[in-house]
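Read through the structure below, which is laid out as structure tokens, and then see the notes.
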Amino acid sequence: MKTIKREKSDLKLAMVLLFPSIFLVLLLVAYPMISNIQISFFDQPINQRLSATFVGIENYISILSDGAFFQSLGITLLYMILAVLGSTTLGLGVAIFFNRPFKFRKLSRSLIILSYVTPSISLVFAWKYMFNNGYGVVNYLVVDVFNLADKAPLWFDNPVSSFILVVIFAIWRYFPYAFISFLAILQTIDTSTYEAAEIDGASAWEKFKIVTLPAIMPVLITVITLRSIWLFYMFTDVFLLTNKVDILGIYLYKTAFAFNDLGKAASISVILFIILSLVIIATRKRVKY
Amino acid sequence: MAMARSKKNQVIKTIGFYTGLIGLLTISLFPFFIMLMTSFKSTEEAVSTSPTFFPKEWTFKHFIDIFNPDIFPFLSYFKNSLVVAITAAGLAIFIGIFGAYALSRLKFMGRTTINASFYTVYMFSGILLVVPLFKIISGLGLYDTKTALIITMIVQTLPTAIFMLKSYFDTIPEDLEEAASIDGLNRIQIIFKIIIPLSLSGIISVFVYSFMVAWNDYLFASIFLSDSLNFTLPIGLNTLFSTPDYVWGRMMAASLITALPVVIMYSISDYFIKGGATEGGVKG
């Protein structure tokens, strides 16, 4: 009886306290998501005063019969896989490397995190400058100093080199995220477990497989899932770096704000939303915040 | 003999370790180094086809230029970014504290569902919502206002803020609250007098996170803002980059100063997060 009463009074207070958060999220996330579905069935002019025309599933048909969409989907998946693999592996490697006491550890850790916390715009300027075809330091180092190539790649001028560039950028920028996550969990592993494995004659790889991997598994799954989702709809980094790599985020943005086709862009959002929901439902139980 | 060898191995290992560390830091910091050095180079040297690592002649001209409103609207962009980021982060925290407290302490039906939906929102937001948000913002007459950006940024960061705050609140012992309620404090007083002071380090890190998201945003600024008087740094700087008369040294100086607030705040929050805010709280 007493607990029921308490739950009731708690509910009232909880609703008061949660109201602003729920209201904002409903207004600016839930409602837009539903509104997205609605817009996707209309030919929606960007000028709000002009009225929208109902076109049924025409937007979906035009997207799903457009080769550009599937090409963009393919590029996005490849970008996502390479960047997630690269940044997670590198982040884990660096975390293991850091999982020992040494001088300047805290300082080094903070310096490594810099690329993750700095605004994209600052980083992108530096990268554009470094990879410039005429006076960039990267081509100078690759061609003139280390003679790794005869001719400098024109980084921003063709889709392949631009793609390589955005993947390297993503790995460089996001490995610190994996690094901090892994470092935190590695520090909770009792060192005596390693010592025990060592006495049993385990090699470094065996120690990793038997002790480290099971311990970091929950974090590993979380890092991979979250990073995959975020890279799947990446926009800013790639948009600011190059106009040669049309990942889905950019394809959507261009459809909406360069070609002013809001209806078609909304239907792209809905398709992405469905793909992402399936991924989230599939991984949800295994992902911890 | 054996001891001498193991000592030698130790030295080799140490040298190997620090070599690796230096290599790693070089890769991590190289673009920052280039940014810094270029900001001190003359315009001619910055576009020389045999690039230099250090400026032949150091110049502070670019830093002086970006603070001159007649040459570069950097200060106005900076101010806009600051207003948007501080307001959004402040409000996200203010709203988030109450929500997080409810989810952490109160028992009520639907708690798990609300929790789960916030978590889902955390994964989703962003590019998927640009079309309807653009429509809503225009519909509300907020197009080309900082308010539009502030509201959007609050929602972008709120679910994460609630999650982070909730996990901080969860670590505060409930005994403290019971003691306080015996002393006659109500829930709201408990939030202000016990929960907030005890989770200050968490609140600071949530503020830094929200500030960073708002400060770094390019996407929403680019669709909501059209008058350059309202531009925040990311969109303002990118617009300047697309003009034919950009100057590398100036852009690098601007990039550095753009990065500065986030880096400073991050370092401060890193210093604060050593845990243990609640240690000793139950004693006495």
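Order of the sequence lines sets the chain letters (A, B, ...), proteins ahead of strands, with each chain counted from 1.
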Within the 4.5 Å heavy-atom criterion, are [X] and [Y] side-chain neighbours or not?
| X | Y | result |
| --- | --- | --- |
| A/Tyr135 | B/Pro51 | no |
| A/Ser122 | B/Leu256 | no |
| A/Trp127 | B/Pro31 | yes |
| A/Ile39 | B/Pro132 | yes |
| A/Val124 | B/Asn238 | no |

query: Counting distance only, does the side-chain N/O of A/Asn36 pair as donor-acceptor with the main-chain N or O of B/Leu128 below 3.5 Å?
result: yes
message: Given 3.5 Å as the limit, does a donor-acceptor pair link the side chain of B/Tyr101 with the main chain of A/Leu18, or not?
response: no
Tell me, for [X] versus chain B, whether the close heavy atoms (under 4.5 Å) come from the side chain, the backbone, both or neither.
| X | answer |
| --- | --- |
| A/Leu28 | both |
| A/Leu27 | backbone |
| A/Phe125 | both |
| A/Ile229 | side chain |
| A/Met15 | side chain |

Taking every heavy-atom pair that is under 4.5 Å apart, which of [options] has the most such pairs with chain A?
| options | answer |
| --- | --- |
| B/Leu133, B/Ile114, B/Val263 | B/Leu133 |
| B/Ile191, B/Val47, B/Ile97, B/Thr258 | B/Val47 |
| B/Ser222, B/Ala100, B/Gly110, B/Ala92 | B/Ser222 |
| B/Ile34, B/Leu260, B/Asp217, B/Leu233 | B/Ile34 |
| B/Ile235, B/Ile223, B/Ile257 | B/Ile223 |

task: List the steps, then state whether side chain to side chain contact (heavy atoms under 4.5 Å, CB included) holds for B/Phe108 with A/Lys12.
output: CA-CA 9 Å; B/Phe108 58 94; A/Lys12 236 184 187 171; over 6 Å; no
To the closest 0.5 Å, what do you measure between [atom1] ([X]) and [atom2] ([Y])?
| X | Y | atom1 | atom2 | answer |
| --- | --- | --- | --- | --- |
| B/Ile127 | A/Ser269 | CD1 | OG | 7.5 Å |
| A/Leu262 | B/Lys135 | CG | NZ | 8.0 Å |
| B/Tyr266 | A/Tyr116 | OH | OH | 9.0 Å |
| A/Ser108 | B/Ile22 | OG | CD1 | 9.5 Å |
| A/Tyr129 | B/Ser255 | OH | OG | 12.0 Å |
| A/Leu17 | B/Leu103 | CG | CG | 9.5 Å |

- line: Residues of residues 90-98 of chain A with a heavy atom under 4.5 Å from any heavy atom of chain B, in residue-number order, are A/Val94, A/Phe97, A/Phe98
field: Neighbourhood of chain B inside residues 253-261 of chain A, taking heavy atoms under 4.5 Å as contact
entry: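 Near chain B, by residue number: A/Tyr253, A/Ala256, A/Phe257.
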Heavy-atom closest contact ([X] atom, [Y] atom, distance):
| X | Y | value |
| --- | --- | --- |
| B/Met252 | A/Ala126 | CE-CA, 3.7 Å |
| B/Ile136 | A/Pro32 | CD1-CG, 3.7 Å |
| A/Met130 | B/Phe30 | CE-CD2, 3.8 Å |
| B/Met109 | A/Leu11 | O-CD1, 4.1 Å |
| B/Thr49 | A/Gly134 | CG2-O, 3.7 Å |
| A/Ile121 | B/Leu237 | CG1-CB, 4.0 Å |

message: Tell me which pairs pass salt bridge (Lys or Arg N to Asp or Glu O under 4.0 Å) where either residue lies in residues 230-239 of chain A, with sequence neighbours left out.
response: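 Those involving residues 230-239 of chain A are A/Arg173-A/Asp237.
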A quick test of your reading: do over 12 heavy atoms of other residues, nucleotides or ligands sit less than 6.0 Å from [atom1] of [X]?
| X | atom1 | value |
| --- | --- | --- |
| B/Phe33 | CZ | yes |
| A/Phe23 | CZ | no |
| B/Phe17 | CZ | yes |

Tell me, for [X] versus chain A, whether the close heavy atoms (under 4.5 Å) come from the side chain, the backbone, both or neither.
| X | answer |
| --- | --- |
| B/Ile27 | both |
| B/Ser48 | backbone |
| B/Val262 | side chain |

field: Between A/Leu141, A/Val137, A/Ile22, A/Ile34, the one whose heavy-atom pairs under 4.5 Å with chain B are most numerous
entry: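 Looking at each of A/Leu141, A/Val137, A/Ile22, A/Ile34 in turn, A/Val137 comes out on top.
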- line: Assert top hit (heavy-atom pairs under 4.5 Å, partner chain B, pool A/Ile268, A/Leu123, A/Val270, A/Ile112) equals A/Ile112
message: Does A/Phe102 form a side chain to side chain contact (heavy atoms under 4.5 Å, CB included) with B/Thr14? I'd like the steps, not just the answer.
response: CA-CA 10 Å; A/Phe102 62 89; B/Thr14 311; over 6 Å; no
B/Arg111/A/Asp10 salt bridge by N-O under 4.0 Å criterion: no
query: Can you check side chain to side chain contact (heavy atoms under 4.5 Å, CB included) on A/Phe239 and B/Leu219, steps first, answer last?
result: CA-CA 10 Å; A/Phe239 182 80; B/Leu219 174 62; over 6 Å; no
task: Check the pair A/Ser21, B/Phe98 against side chain to side chain contact (heavy atoms under 4.5 Å, CB included), reporting the backbone distance first and the verdict last.
output: CA-CA 9 Å; A/Ser21 309; B/Phe98 298 110; over 6 Å; no
field: Residue list, salt bridge (charged side-chain N to carboxylate O under 4.0 Å, His left out) with A/Lys128, at least two apart or on another chain
entry: none
